[in-house]
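Following: one structure in structure tokens, then a few remarks.
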Amino acid sequence: MGDAATVVLVHGAWHGAWCWEKVAPRLDAAGIATVAVELPLTSLRDDVKATMSAVDAIEGRVVLCGHSYGGAVITEAGHHPSVEHLVYLTAFACDEGESPAATAVDTPMPSTDLVNVLLVSEDGIATLDLSASVKVFYHDCDAADVDAAVARLRPMHMSCVTTPEGAPAWRVKPSTYIVCANDQAIHPELQRLMAKRCTATVEWPTAHSPFLNRPDLVANLLTELAR
């Protein structure tokens, strides 16, 4: 099969490349090169462009992993010819015309508390009620990790999550969906619906941020896919 693929890691809304700090060293130890993209979070198009630019700089095959909103980004950026596999980590595997804010709208789905922690300004900048967001994003994480993560959350533009997707890369590329069964941000039932769009599904008993409390699971799966 030749050299291992490079794993490109795409964070979710309000987060940054820092969220992979526990995953990347494990991949490195396994001999897998990684690139963690820092999304501008200014628009979906800007975030796709940033991810495509990161892939452009890599020689050889790429496994492209998106967490949460990052799934919407890899759904478009995954068309890059170097990308051989898409990994959706409790992420939005949207179909054409859908957005993270409007996925499977014709299918009744239970909601989560995510909408209740959003604070959106008149100019479309979305921030979070930080104390309330802990339960949504990090309720199974170590307190020190929670404090470090909350301190680094940042604003994003709401158009990132409301812009409709184009033709999805998961229709033409192999893909793996990781359902996080205890997630309180993206309901597991919505995850399972989106997982049916992918080639393979894995389910873990974690909440929304396994890169913090179970980086071993994330790294082991990505290592397997990259080899």
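All residue numbers in this chain count up from 1 along the given sequence.
With values rounded to the nearest 0.5 angstrom, D46 atom CG is found 10.5 Å from T51 atom OG1.
H11 places a side-chain N or O within donor-acceptor distance of the main-chain N or O of L39, the cut-off being under 3.5 Å. Side-chain N or O atoms of E98 include none that pairs as donor or acceptor with a backbone N or O of E165 at under 3.5 Å. No donor-acceptor pair closer than 3.5 Å links the side chain of T206 to the backbone N or O of C180. Judged by distance alone, with hydrogens and angles left aside, the side-chain atoms of S175 form a donor-acceptor pair with the main-chain N or O of T199 at under 3.5 Å. At distances below 3.5 Å, not a single donor-acceptor pair connects side-chain atoms of S133 with backbone N or O atoms of V136. In this structure, the side chain of E189 does not engage the main chain of M109 through any donor-acceptor pair within 3.5 Å. Remark: side-chain polar atoms of W170 are paired, donor with acceptor, to backbone N or O of C94 under 3.5 angstrom. Proximity of a side-chain donor or acceptor of D47 to a complementary backbone N or O of V73 within less than 3.5 Å is not detected. Checking side-chain atoms of Y88 against main-chain N and O of A72 turns up no donor-acceptor pair under 3.5 Å. Formation of a donor-acceptor pair under 3.5 Å by the N220 side chain with backbone atoms of D216 is found in this model.
Ionic pairing of R171 and D95 is present here: one or more N-O contacts between side-chain nitrogen and carboxylate oxygen are shorter than 4.0 angstrom.
Taking 4.5 Å as the limit, every side-chain heavy atom of C19 sits out of range of all side-chain heavy atoms of H67. A heavy-atom distance below 4.5 Å is found between the side chains of L27 and T223. Contact of the E96 side chain with the P168 side chain is registered, since non-hydrogen atoms from C-beta on lie closer than 4.5 Å.
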Quiz item: Could you walk me through whether H208 and H139 pass the ring-ring contact (aromatic ring centres under 6.0 Å, His included) check?
Solution: CA-CA 8 Å; H208 191 65; H139 71 84; over 10 Å; no
Quiz item: Which is it for V87 and V63 under the side chain to side chain contact (heavy atoms under 4.5 Å, CB included) test, yes or no, and what are the steps along the way?
Solution: CA-CA 7 Å; V87 182; V63 171; 3.8 Å; yes
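Following chains of ILVMFWY side-chain contacts shorter than 4.5 Å, one cannot reach I125 starting from L41, and the two form parts of different hydrophobic clusters. Follow the hydrophobic side-chain contacts under 4.5 Å out from M158 and you never reach L119; the two are in separate clusters. Both W18 and L222 belong to a common hydrophobic cluster when Ile, Leu, Val, Met, Phe, Trp and Tyr are linked at side-chain heavy-atom distances under 4.5 angstrom. Hydrophobic clustering (side-chain heavy atoms under 4.5 Å, transitive across Ile, Leu, Val, Met, Phe, Trp, Tyr) keeps I74 apart from V172. Both L130 and V134 are assigned to one and the same hydrophobic cluster, defined by single-linkage of ILVMFWY side chains at heavy-atom distances under 4.5 Å.
Atom NZ of K22 sits in a crowded spot, with more than 12 heavy atoms from other residues, nucleotides or ligands closer than 6.0 Å.
In plain terms, the two heavy atoms of A30 and R227 that are nearest each other are O-NH2, 2.8 Å. Taking all atoms of both residues into account, the shortest heavy-atom contact from A13 to M156 is CB-SD, 3.1 Å.
Ring geometry, F211 versus W20: the interplanar angle falls from 30° to 60°, so the pair is classed tilted.
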